[in-house]
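Structure first, then comments.
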Amino acid sequence: MKILKVLPLFIGLNFIAGCSSSDDYTTQFKPEARFYGGWNCINSMGVEGADIILDMDVSYVRNGKYSSAGKLIIDILDVPKLEYWVSTSGSWEYKNGYLIETTNEVIIKNIKNPEYDNLLDLQSMFPQNSSESSEVLQITNTFFKARTESDGIIFTCNKV
């Protein structure tokens, strides 16, 4: 089922976000400062009879750590809508125009229709210490846009 191959990438791209600093002097000499703080990322896609929506709040801090939490909704034909709580944490860095993130922990909990856990075991799809790199296409004080290096998906986030 193609949905199982795409889900880890889809969730991974939503772990990538940050916040901006209003201090132009700081961001001129430390471009990663624009990522400090929180972003809300809402992404959706359709794959072979399934619609996927991911709504995540992501926070990046100066010490190179990040955390995210939010809701994943999967709507598959002939199956009640599945909802999961997703939480991640790890480290991040900005290097040569790329945001590189290593996820150390992923927690996924079914919050609606747990009787379908046997159909889709998301927790087993996300290995610990996985890394994702995204090319930063645009970042302002209120908006973030990037393209995942692994599959070319473009995603956007807004400052919280």
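Note that the structure is predicted; figures quoted are calculated from it, not measured. FYI, side chains are in, hydrogens and waters are out, and symmetry mates aren't considered; it's all heavy atoms of this structure.
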Go through Phe144 and Thr156 one step at a time and tell me if the side chain to side chain contact (heavy atoms under 4.5 Å, CB included) criterion holds. CA-CA 5 Å; Phe144 176 98; Thr156 59; over 6 Å; no

Roughly how far, to the nearest 0.5 Å, is the OG atom of Ser68 from the CE atom of Met56? 3.5 Å

SG-CG distance between Cys157 and Asp57, expressed to the nearest 0.5 angstrom: 10.0 Å

Answer yes or no: is there a donor N or O on one side and an acceptor on the other, between the side chain of Trp92 and the main chain of Lys65, under 3.5 Å? yes

Do you know which two heavy atoms are closest between Lys71 and Glu83, and how far apart they sit? NZ-OE1, 3.5 Å

For the residue pair Gly46 and Asp51, what are the closest heavy atoms and their distance? CA-OD1, 3.9 Å

Checking side chain to side chain contact (heavy atoms under 4.5 Å, CB included) for the pair Ile42/Ser44: CA distance, chi angles, key distance, verdict? CA-CA 7 Å; Ile42 300 175; Ser44 62; over 6 Å; no

Is the number of heavy atoms from other residues, nucleotides or ligands within 6.0 Å of CG (Asn63) greater than 12? yes

Closest heavy-atom pair and its distance - Phe155, Ser134: CE2-OG, 3.8 Å

If you measure from CD1 on Ile154 to CG on Leu137, what distance do you get to the nearest 0.5 Å? 5.5 Å

Counting C-beta onward and ignoring hydrogens, is there a side-chain heavy-atom pair between Lys159 and Asn141 closer than 4.5 Å? no

Considering residues at least two apart in sequence or located in another chain, which fulfil the side chain to side chain donor-acceptor pair (under 3.5 Å) criterion with Glu135? Arg147

Glu132 CD to Glu149 CD distance, which is reported to the nearest 0.5 Å: 8.0 Å

Sole residue of Tyr98, Tyr94, Tyr66 in ring-ring contact (aromatic ring centres under 6.0 Å, His included) with Phe35: Tyr94

By ring-ring contact (aromatic ring centres under 6.0 Å, His included), which residues pair with Tyr84, not counting sequence neighbours? none

Hey, any chance Leu54 and Val79 share a hydrophobic cluster, counting ILVMFWY side chains that come within less than 4.5 Å of each other, even indirectly? yes

In this structure, would Ile139 and Ile100 fall into the same cluster of hydrophobic residues linked by side-chain contacts under 4.5 Å? no

Is the side chain of Thr140 donor-acceptor paired with the backbone N or O of Thr142 at a distance under 3.5 Å, no angle test? yes

For the residue pair Ile73 and Leu82, establish whether any side-chain heavy-atom pair is separated by less than 4.5 Å. no

Closest non-hydrogen atom pair between Val61 and Tyr36, with its separation: C-CD2, 4.2 Å

Do Ser131 and Glu101 have side-chain heavy atoms sitting under 4.5 Å apart? no

Does the side chain of Thr103 reach to within under 4.5 Å of the side chain of Asn129, using non-hydrogen atoms? no

CD1 of Ile52 to CG of Leu72, rounded to nearest 0.5 Å, is 7.0 Å

For residues 106-113, run the donor-acceptor check on the side chains, cut-off 3.5 Å, and write out each pair with its distance to 0.1 Å, sequence neighbours left out.
{"residue": "Asn110", "atom": "OD1", "partner": "Lys112", "partner atom": "N", "Å": "2.9"}
{"residue": "Asn110", "atom": "ND2", "partner": "Asn113", "partner atom": "O", "Å": "3.3"}
{"residue": "Asn110", "atom": "ND2", "partner": "Asp117", "partner atom": "OD1", "Å": "2.7"}
{"residue": "Asn113", "atom": "ND2", "partner": "Lys81", "partner atom": "O", "Å": "2.8"}

State, yes or no, whether a side-chain contact exists between Ile74 and Leu122 at a heavy-atom distance under 4.5 Å. yes

Which atom pair, heavy atoms only, marks the closest approach of Gly70 to Trp85? O-CE3, 3.2 Å

Any chain of hydrophobic side-chain contacts (each under 4.5 Å) joining Val47 to Tyr116? yes

